[in-house]
Amino acid sequence: MVRTRTVEIVEVGPRDGLQNEPSVFPTAAKVEFIQRAIDAGLRRLEVASFVNPKRVPQMADAEAVLAALDRRPGVHYVGLVLNRRGFDRAAAAGCNEIGMAIVASDTFNQRNQGVSSEQSVADWLDIAKAAHSAGIRPQVTISAAFGCPFEGEVDPARVVELALRAAEGKPHEIAIADTIGVGVPSQVTDLLGRLRAALPDMPLRCHFHNTRNTGLANAYAAVEAGVTTLDASIGGIGGCPFAPAATGNIPTEDLLYMLQRMGVETHVDLDKTVATGRWLQDQLGRNVPGMLVKAGGFPARAA
Ligand code: MG
């Protein structure tokens, strides 16, 4: 397989990163977080989720965040939605891309979005249609694609089956997510190979968590398999409120460091991303999991 020379990073810190924070992150700080990431060169950002604020209080200010952003051309402001009501909110708030999730296991889908996986497939197809007619770019993630906290091992054939059905909605891309951070690189290679065989023309994105320290190795495996878009979160913050013991996404700056030293183009500034990780650490008042926030890049650059 030819190694990818350009990788697009989707910054998920403002949504997936912050959603698990116990204390509410102020709206103005969320807006600053997003603007800093854009200043660093990130052009696709998950900025909010349009879900029930009673279930995810951290995202209750989704509309206020969107309203306060200083929009820039060429930037995709992604809203996570889990049903039609969420889509309608994201569209009204001005998201120019929406991401929907379908969980590969029924138990987790019920816990995460209150309906069966089958219902989420139907909801996705309805949302995708509405998004296309509204000029909003839709994409979809198959969550818990590498393992489920409630059902255990997930059959890769189930992931492929869901991806095939999701493809009927003509998404911009399909992502596979290791929501609880149990995957290993050989699994990434295997699952991506199966998806490529089933959907040869569908762009694929990967979303990894570093719960068991395999996140960056999984990202490497995905890049080697030809994936050109990866999710990451500045500082490596994150988790899932409905998955026990789920921890952070792969840190954006750690991923950037690896890719840049491999000669992969990302169009993102490492120093600015590290600085944002340090800023985030100050805002949260505790250490973030990312390593570059502590170590900095190499070779060190003159200040
Ligand atoms: Mg996640």
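Bear in mind the structure is a predicted one, so any value in this text is a computation, not a measurement. In each ligand, atom 1 is the first atom listed, and ligand 1 is the first ligand listed.
- Sorted by first and then second residue, the side chain to side chain donor-acceptor pair (under 3.5 Å) pairs with a member in residues 114-123 read Asp106-Ser117, Asn109-Ser120, Gln113-Ser120, Glu118-Arg165, Gln119-Asp123; sequence neighbours excluded.
- A salt bridge links Arg44 with Glu173: the closest approach of a Lys/Arg side-chain nitrogen to an acidic carboxylate oxygen falls below 4.0 angstrom.
- Remark: Glu21 pairs with Arg286 by the salt bridge (Lys or Arg N to Asp or Glu O under 4.0 Å) rule, at least two apart or across chains.
- For the salt bridge (charged side-chain N to carboxylate O under 4.0 Å, His left out) condition, the pairs that include at least one residue of residues 263-284, sequence neighbours left out, are Asp271-Arg301.
- Judged purely by atom type and a 3.5 angstrom limit, Thr211 uses its side chain to pair as donor or acceptor with the backbone of Ile180.
- Around the Mg ion (ligand 1), the protein atoms of type N, O or S that sit closer than 2.8 Å are Asp16 OD2, His207 NE2, His209 NE2.
- Atom CZ of Arg85 and atom CD1 of Ile127 lie 12.5 Å apart (nearest 0.5 Å).
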